[in-house]
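Numbering of ligands and ligand atoms starts at 1, following listing order. Quick note: numbers below take in every heavy atom, side chains included, and nothing from hydrogens, waters or symmetry partners.
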Amino acid sequence: MKIVFATNNAHKLSEVKAVLGDDFELVTLKEVGITEDIPETGSTLDENASIKARYVYDRTGLDCFADDTGLEVEALNGAPGVRSARYATDGHDFAANNRKLLHELEGKENRRARFRTVISLIRGGEEVQVEGIVNGHIALSESGSEGFGYDPLFVPEGYDRCFAEMSADEKNAISHRGRAVAALVQVLKS
Ligand code: ITT
């Protein structure tokens, strides 16, 4: 089954490919001629996932899905949340975002956080959303070199290592995105 994944993030693409397996052929934005950044103008993850998927569907008419992910930190009232990519700067500056997060949490005892991924699937013109969540906490300093984004700081519940210290398979088995994609597979196979 061919399906377009509406992302410009190469890390996401490889994570999702690994979970979807060989039953699905993922088509990239570039392959369908979309090279511009899709505007993320929504105020929630649900809205942005929908905006990204609709953008692709409206231009190609192809079955497609998009993921929008946010890190929600309890002591920061859910920030950076929907602004996770642009927390410290206008761009996707992972290092600056991590520095800002550590700074904002200085002196705070409650470091609980969760990653939440919302996937919007458009199949035959019909839209369905699924979600994946992983609870955890923000470490006191960065470690590891795997993954991307906030992975050097996020320690999932029940572990003493952050995502950036885990293999791709280990992260996918418990992560927000891994769980959301597992739910997506259920929908696609139904
Ligand atoms: P697309 O919109 O092109 O898919 P993006 O990088 O803009 O890619 P999101 O808006 O969904 O993706 O993600 C917001 C940010 O959240 C992202 O830039 C990372 O900093 C962070 N993030 C998302 N998934 C993550 C993960 O699995 N591990 C660590 N950080 C993640």
Side-chain angles (χ1 to χ4, degrees), residues 4-19 26-30 32 34-56 64-73 76 78-102 113-121 129-139 142-156 159 161-182 184:
V4 183
F5 181 21
T7 185
N8 283 311
N9 181 324
H11 296 279
K12 279 189 183 179
L13 189 65
S14 69
E15 285 186 9
V16 169
K17 257 190 185 153
V19 181
L26 278 193
V27 180
T28 62
L29 287 177
K30 229 205 233 149
V32 294
I34 298 178
T35 50
E36 67 277 20
D37 264 345
I38 303 177
E40 293 183 38
T41 50
S43 55
T44 61
L45 298 177
D46 304 42
E47 277 174 22
N48 277 341
S50 187
I51 288 168
K52 289 192 258 187
R54 295 220 153 266
Y55 187 95
V56 174
C64 57
F65 67 93
D67 136 349
D68 204 41
T69 295
L71 175 69
E72 300 172 339
V73 179
L76 304 177
V82 71
R83 295 197 40 82
S84 291
R86 289 153 280 128
Y87 188 41
T89 67
D90 271 351
H92 289 68
D93 187 339
F94 297 150
N97 286 342
N98 285 336
R99 274 198 304 274
K100 177 167 176 179
L101 181 59
L102 284 177
R114 67 179 193 172
F115 268 119
R116 194 157 70 88
T117 291
V118 177
I119 293 179
S120 255
L121 165 71
Q129 284 196 329
V130 293
E131 178 183 80
I133 289 174
V134 61
N135 291 308
H137 73 267
I138 303 302
E142 293 186 39
S143 26
S145 54
E146 301 296 319
F148 68 102
Y150 298 95
D151 284 345
L153 286 177
F154 185 84
V155 180
Y159 291 78
R161 286 170 300 141
C162 65
F163 273 157
E165 295 174 290
M166 296 182 181
S167 68
D169 284 349
E170 226 180 336
K171 177 184 171 190
N172 261 334
I174 55 168
S175 79
H176 46 302
R177 185 165 300 102
R179 287 173 176 162
V181 175
L184 174 72

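Scanning all protein heavy atoms for the shortest distance to atom 14 (C) of ligand 1 gives T69 O, 3.5 Å. For atom 25 (C) of ligand 1, the nearest non-hydrogen atom of the protein is F148 CZ, 3.3 Å. N9 ND2, 3.0 Å is the protein heavy atom nearest to atom 6 (O) of ligand 1. Scanning the protein heavy atoms around atom 16 (O) of ligand 1, the nearest turns out to be S84 CB, 3.4 Å. The nearest heavy-atom contact from the protein to atom 12 (O) of ligand 1 is K12 NZ, 2.9 Å. Here the heavy atom of the protein found nearest to atom 10 (O) of ligand 1 is D68 OD1, 3.1 Å. The single protein non-hydrogen atom nearest to atom 1 (P) of ligand 1 is T7 OG1, 3.5 Å, given as residue, atom name and distance. In this structure, atom 3 (O) of ligand 1 lies nearest to the protein heavy atom N8 N, 2.8 Å.
At least one heavy atom of F115 sits closer than 4.0 Å to an atom of ligand 1. Note on ligand 1: F163 sits outside its first shell, no heavy atom being nearer than 4.0 Å. Look at H11 and you'll find every heavy atom at least 4.0 Å from all atoms of ligand 1.
A distance of 6.0 Å separates NZ in K52 from CG in D67, rounded to the nearest 0.5 Å. Note that CZ of R177 is 9.5 Å distant from CZ of F163, once rounded to the nearest 0.5 Å.
Annotation for ligand 1: atoms under 4.0 Å from non-hydrogen atoms of R177 are 23 (C), 24 (N), 25 (C), 26 (C), 27 (O). Residue H92 has at least one heavy-atom neighbour below 4.0 Å for each of these atoms of ligand 1: 5 (P), 6 (O), 7 (O), 18 (O). Each of the following atoms of ligand 1 lies closer than 4.0 Å to a heavy atom of D67: 11 (O). Residue K171 approaches ligand 1 through these ligand atoms, each under 4.0 Å from one of its heavy atoms: 26 (C), 27 (O), 28 (N).
Contact check for L29 versus V56: side-chain heavy atoms found under the 4.5 Å cut-off. In this structure, Q129 and S50 have side chains that are in contact, with non-hydrogen atoms separated by less than 4.5 Å. Here the side chains of P80 and N97 are not in contact, with every heavy-atom distance at 4.5 Å or above. Side-chain contact check for Y87 versus L71: every heavy-atom pair is 4.5 Å or farther apart. The shortest side-chain heavy-atom distance between E165 and K171 does not fall under the 4.5 Å cut-off.
Comparing G178, A85, C162, A66 by heavy-atom distance to atom 17 (C) of ligand 1, the nearest is A85. Here atom 21 (C) of ligand 1 lies nearest to Y150 when heavy atoms of Y87, Y150, F94 are compared.
Closest approach of V130 and L184 over heavy atoms only: CG2-N, 4.0 Å. Considering all non-hydrogen atoms of both residues, N9 and T7 come closest at N-OG1, 2.9 Å.
Residues E36 and Y55 bring a donor and an acceptor atom of their side chains to less than 3.5 Å of each other.
The aromatic rings of F115 and Y150 sit tilted, their planes meeting at an angle between 30° and 60°.
Between E72 and R116 there is a salt bridge, with a side-chain nitrogen of the basic residue lying less than 4.0 Å from a carboxylate oxygen of the acidic one.
Considering backbone and side-chain N/O of D151, one or more are found under 3.5 Å from N/O of ligand 1. In terms of N/O distances under 3.5 Å, ligand 1 is approached by K52.
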